[in-house]
Number of protein chains: 2
Amino acid sequence: MIYNIQIKVMPLKDLLDPQGKAVLSGLNNLGIKVEDVRVGKHITLQIDAASEADAKAIAEEAAKKLLANPVMEFFEIEALNP
Amino acid sequence: MIYNIQIKVMPLKDLLDPQGKAVLSGLNNLGIKVEDVRVGKHITLQIDAASEADAKAIAEEAAKKLLANPVMEFFEIEALNP
């Protein structure tokens with residue numbers, strides 16, 4: 001069965017996020033009042049696996065090996081409704 | 001009160017996603033079997049608003065005016081647990 005797994009990759013909370021700061025000042029210039037912005041990646045994977053747990057394990061391997069840089073980023077994995 | 005609102009900005013389903021295709025072939029080269037990949041942005045906003053609905057409205061304005069390009073992308077807004 002095909003599972004849709006989403007991975008959220010965000011900059012670590014303790015690190016500066018220059019892209020987020022740029023968006024923040026852009027929004028303020030547009031008159032939109034926002035306190036803080038952080039920008040990360042959102043990756044949707046379609047994985048053919050026997051179970052949702054298997055699909056999540058494959059997604060976690062993908063995140064660790066390719067998608068997230070643990071020095072600067074953390075990731076969260078979530079299964080989308082089938 | 002400060003609300004944490006997350007915005008998911010993804011390439012439209014009908015459009016080619018070259019970044020996703022690159023990740024897909026990268027994962028296959030690593031021996032990780034994945035059917036399809038799409039890569040978008042994940043933006044977390046901290047918004048000071050009177051209610052969650054107000055915060056979401058501000059986030060939607062931000063997405064429409066700056067964060068998402070409606071020609072190529074769609075967005076989804078979700079409130080994180082406080």
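In this text, all values refer to a predicted model and were calculated from it rather than measured experimentally. Below, chains carry the letters A, B, ... as their sequence lines are ordered, and counting in each starts from 1.
Highest contact tally toward chain B, considering only Val39(A), Ile5(A), Leu24(A), Val9(A), is held by Val39(A) [criterion: heavy-atom pairs under 4.5 Å]. Of the listed residues (Leu67(B), Asp36(B), Val37(B), Ile58(B)), the one with the most heavy-atom contacts under 4.5 Å to chain A is Asp36(B). No other option in Ile47(B), Leu27(B), Asp17(B) has as many heavy-atom pairs under 4.5 Å with chain A as Leu27(B). Note: Gln46(B) leads Lys33(B), Lys41(B), Gln46(B) in heavy-atom pairs under 4.5 Å with chain A. With respect to chain A, the highest number of heavy-atom pairs below 4.5 Å among Thr44(B), Ile43(B), Leu45(B) belongs to Thr44(B).
If you measure heavy-atom distances from Lys8(A) to chain B, the contacts under 4.5 Å come from the side chain alone. At a 4.5 Å heavy-atom cutoff, the contact between Ile32(B) and chain A is made by side-chain atoms alone.
Ala55(A) and Tyr3(A) make their closest contact through CB-CB, 3.7 Å (heavy atoms, listed as atom of the first residue, atom of the second, distance).
The backbone N or O of Lys21(A) lies less than 3.5 Å from no partner atom in the side chain of Arg38(A), so there is not a single donor-acceptor pair.
Linking ILVMFWY residues whenever their side-chain heavy atoms come closer than 4.5 Å, directly or via other members, places Phe74(A) and Val71(A) in the same cluster.
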Apply side chain to side chain contact (heavy atoms under 4.5 Å, CB included) to the pair Met10(A) and Phe75(A), showing each step before the final yes or no. CA-CA 6 Å; Met10(A) 297 296 289; Phe75(A) 64 88; over 6 Å; no
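Taking 4.0 Å as the cut-off between side-chain N and carboxylate O, Lys56(A) and Glu60(A) do not count as a salt-bridged pair.
Evaluated for a side chain to side chain donor-acceptor pair (under 3.5 Å) with His42(A), the options Glu76(B), Gln6(B), His42(B) yield exactly one hit, His42(B).
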